[in-house]
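Report on one structure; see the data block that follows.
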Amino acid sequence: MRLYNTLKRKKEEFVPLNGNKVSLYACGITAYDLCHIGHARSSVVFDVLVRYLRFKGYDVTFVRNFTDIDDKIINRANETGVSATELAEKFIGEFYVDMDRLNILRADIEPKCTEHIPEMIELTETLIGKGHAYSTPSGDVYFKVRSFDDYGKLSGRNIEDLQSGARIKPGEEKKDPLDFALWKAAKPGEPSWESPWGEGRPGWHLECSAMSEKYLPLPFDIHGGGQDLSFPHHENEIAQSEAATGKEMARFWVHNGFVQINSEKMSKSLGNFFTIRDIIEKFMPETLRYFLLTMHYRSPLDFSFDALEEAEKGIRRVYAALEQIEEALQKAKWSKAALPDEVLAEIEDAEKGWADAMEDDMNTAAAMGHIFTLIRLAGRIAEEKSWRKSEGGRDAWTRILENVRKWGEVLGIFTEKPAVFLNNLKQCMLERNGIDVSKVEELVAARQDARKNKDFARSDEIRDELIELGIEVKDTPQGAVWNVI
RNA sequence: GGCGACAUAGCCAAGUGGUAAGGCAGAGGUCUGCAAAACCUCCAUUCUCCGGUUCAAAUCCGGAUGUCGCCUCCA
């Protein structure tokens, strides 16, 4: 497959370094608060990448860390009167709750920063030994950016450009404004660990270098994360790992685009962010996942509840079609007839289109289009009397169903039983719109009575009332069926 | 100030040299007591603008405008 490599600024053919094995590291969360939609996007993107690589037959080792010690955690812990450890554990727990609901697979290895302090100290010592880092009188250790010639290769910056923006904050003992902390001396009351430089804790960038190196031999195949991590976080990781080992850190750097609100980055300072909880309170988690996959992973994605409602209609249509196909396939007798070649050719085109889209930098948006092609085709077979009764129709439906299931497995959507999903969706929409079910059922029953008596004026009147409530009724051979609009 | 990304129909969105996927909304039709759902048909001679390269450009190059991001913690 072709993957966009930030390091090279272009798509490159992805071939793992070691045969069938793929090693992938993605930066995880800093556990100090609930996850927001941005975390959801990043998690979904790398979850689909892992699923797709496995689908292709690769043996993937996926490592995703937890940052469980950090300024933000300490601050939040102090505010709320719990220990940093307790706080981090709480939000790691909440992270799993959200990820499970979004159908995100667990990573193979999920290292925590606080469990890898010795490795971090060792890495820091190596860097000092090689002249890439230095300690200060107060017990901080800084990485000497100018000692690493490749600094800036990921983010496309050069030392001179960076220098203009860099400042030494009061109290810092950096020798150069560009230098960044590997180890921070403990301030009073902070959690800390013993080190050759006194009590302290690791800097954020150091964690990922130490943990990735421990679990994945360098260079590993793919390093992922949000776009905003590319500088300085990933740049610093590269500097640390490559300066210490002399090896390349990762061959492919993959970055997902941001979630935006009204075309602006979602952030706490702008007060425009939504947590995953905010969303799944009102929408199915799978709707959110579907929505996130309707756009290419590198594009900025504008979130709104209107857009989510639109996505909800799309996913409902797919599940409704799956349900109909499953029902249609219950039939026992099929006539011996084949479908026209062009219908089969359309299925083949969709299959090929799906594969091409995923191969091309994991283009889930394009891939989704081919799912809809199959959905439409399934409906067409149902419309044509001679097709829907034939073995050709049966086989085409089966093939469509299998494809959607298989592709859905990779995307992490469309894997529920259609009836279950549709029913849950209905409940979710009823609740969100505050619809009184007993009132609806009363009206539907009254309408049925009116229809039985051929009082169509009354029946249509009731239907208008239902529409007013946000309910549509359809009359089927099995009776009236209602749904939320 | 430095670096970078993006600009495609009413909306969302694929598409990196060969003549504009898909979704949502909308219009007409089949079906229906009428509807709904489903399906069929239609819905961008054109891709922000101006130049250039080419037999050929939404796609490449230059410029303009606009939007956003990174340069401080951030998925």
Side-chain angles (χ1 to χ4, degrees), chain A residues 6 9-11 26-30 32-33 35-46 70-72 75 152 155-158 160-167 169 204 224-233 235 255-260 262-269 273 290-291 294-296 298-302 304 306-307 309-315 317-318 320-321 324 349-350 353 357 360 363-373 375-384 451 454-457 459-460 463-464 466-467 472-476 480-483 485:
Chain A
T6 308
R9 276 169 197 69
K10 63 178 184 202
K11 290 183 203 170
C27 294
I29 57 158
T30 297
Y32 77 107
D33 206 345
C35 289
H36 56 237
I37 316 173
H39 295 111
R41 184 177 198 194
S42 191
S43 306
V44 167
V45 165
F46 292 103
D70 163 272
D71 287 334
K72 290 191 293 290
N75 292 340
S155 53
R157 291 154 210 257
N158 59 54
E160 285 66 39
D161 293 340
L162 289 166
Q163 195 174 22
S164 60
R167 297 276 182 281
K169 285 182 208 147
W204 177 44
Q227 215 157 57
D228 51 350
L229 258 32
S230 70
F231 188 89
H233 183 56
E235 197 70 70
H255 293 99
N256 66 274
F258 285 121
V259 175
Q260 307 182 325
N262 295 324
S263 299
E264 282 186 323
K265 180 176 173 176
M266 202 172 67
S267 75
K268 295 200 175 179
S269 52
F273 81 101
Y290 169 92
F291 169 72
T294 57
M295 275 145 266
H296 185 88
R298 281 190 288 118
S299 310
L301 176 161
D302 223 50
S304 70
D306 284 348
E309 279 185 38
E310 200 182 284
E312 192 175 58
K313 287 177 190 161
I315 195 172
R317 183 173 158 207
V318 174
Q324 280 176 0
D349 284 351
D360 184 17
N363 193 338
T364 55
M368 209 78 90
H370 299 290
I371 291 181
F372 277 97
T373 301
I375 294 302
R376 207 175 337 102
L377 203 54
R380 236 163 81 201
I381 294 167
E383 289 297 311
E384 187 67 48
R451 289 186 73 230
K454 299 258 187 280
D455 184 356
F456 294 120
S459 143
D460 291 351
R463 185 169 57 207
D464 288 342
L466 284 162
I467 288 169
E472 69 183 11
V473 213
K474 59 179 164 181
D475 300 316
T476 73
V481 174
W482 61 270
N483 217 328
I485 300 171

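Just so it is clear, the values below take in all heavy atoms, side chains as well, and ignore hydrogens, waters and symmetry mates. Convention: sequence-line order gives letters A, B, ...; per-chain numbering from 1.
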Considering only the [atom1] atoms, how many Å lie between [N] and [M], rounded to the nearest integer?
N	M	atom1	answer
B/A20	B/C43	C1'	14 Å
B/G26	B/U65	P	40 Å
B/C49	B/G66	C1'	11 Å
B/C24	B/A13	C1'	11 Å
B/C55	B/C12	C1'	36 Å
B/C31	B/C40	C1'	12 Å
B/U72	B/G62	C1'	35 Å
B/U19	B/U46	C1'	11 Å

What closest approach, in Å, do [X] and [Y] show between heavy atoms, and which atom pair accounts for it?
X	Y	result
A/A367	A/A357	N-CB, 3.6 Å
A/F231	A/S155	CD1-OG, 3.2 Å
A/G38	A/V259	CA-CG2, 3.9 Å
A/V473	A/A480	CG1-CB, 3.9 Å
A/A307	A/F291	CB-CE1, 3.6 Å

Expressed in angstrom and rounded to an integer, what is the separation of [X] atom [atom1] from [N] atom [atom2]?
X	N	atom1	atom2	result
A/F258	B/C6	CZ	P	15 Å
A/E160	B/G2	CD	C1'	12 Å
A/L229	B/G4	CG	C1'	16 Å
A/K10	B/U16	NZ	P	16 Å
A/F231	B/U72	CZ	P	7 Å
A/E235	B/C3	CD	C1'	12 Å
A/M295	B/G22	CE	C1'	12 Å
A/H296	B/U8	NE2	P	17 Å

Using the side-chain heavy atoms of [X], tell me which of these nucleotides is nearest: [options].
X	options	value
A/R376	B/G69, B/G23, B/C71	B/G23
A/F372	B/C73, B/G23, B/A75	B/G23
A/S263	B/U16, B/G2, B/C68	B/C68
A/E310	B/C39, B/C70, B/C11	B/C11
A/K313	B/A25, B/G69, B/A38	B/A25
A/A366	B/C73, B/A14, B/C70	B/A14
A/Q260	B/A75, B/G22, B/C68	B/C68
A/R157	B/A75, B/U16, B/C71	B/C71
A/R380	B/U16, B/C40, B/C68	B/C40

Taking for each residue the nucleotide of RNA chain B bearing the nearest heavy atom, is the 5' side occupied by A/P300 or by A/D228?
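Closest to the 5' end, via its nearest nucleotide, is A/P300.
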5' precedence on RNA chain B between A/Y32 and A/N363 (nearest-nucleotide basis):
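Checking each residue's closest nucleotide, the 5'-ward one belongs to A/N363.
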A/H255 and A/T6: side-chain donor and acceptor closer than 3.5 Å?
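Yes - a donor-acceptor pair under 3.5 Å links their side chains.
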Phosphate OP1/OP2 of [N]: any [X] side-chain N/O under 4.0 Å:
X	N	answer
A/R9	B/A5	no
A/N158	B/G2	no
A/S230	B/G4	no
A/R317	B/A25	no

Answer with base, sugar-phosphate or nothing: what part of the nucleic acid does [X] contact at a heavy-atom distance below 4.0 Å?
X	value
A/G38	base
A/V45	nothing
A/G353	nothing
A/A365	base

Could you spell out the base pairing of RNA chain B as a dot-bracket line? Use Watson-Crick and G-U wobble contacts where both distances are under 3.5 Å, [ ] for crossing pairs, | for partners on a different strand.
((((((((.[[[..)..(...]]].(((((.......))))).....[[[[[..)....]]]]])))))))....
Can you check whether [X] reaches [Y] side chain to side chain, under 4.5 Å on heavy atoms?
X	Y	answer
A/R41	A/I37	no
A/D475	A/R451	yes
A/D302	A/M295	no

Under 4.0 Å protein heavy-atom contacts per nucleotide of nucleotides 27-36 of chain B, with B for base, S for backbone only and - for none
------BBBB
Report the distance from atom CD1 of A/I371 to atom CZ of A/R317, rounding to the nearest 0.5 Å.
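It comes to 12.0 Å.
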With sequence neighbours excluded, tell me which residues meet side-chain hydrogen bond (donor to acceptor under 3.5 Å, both in side chains) with A/N75.
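Checked A/N75 against side-chain hydrogen bond (donor to acceptor under 3.5 Å, both in side chains); zero matches.
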Show your reasoning for whether side-chain contact (heavy atoms from CB on, under 4.5 Å) applies to A/D360 and A/K11.
CA-CA 9 Å; A/D360 184 17; A/K11 290 183 203 170; 2.9 Å; yes
Determine whether a donor-acceptor pair (N or O, by modelled atom type, separation under 3.5 Å) exists between the side chain of A/S42 and the backbone of A/H39.
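Such a contact is absent between A/S42 side chain and A/H39 backbone.
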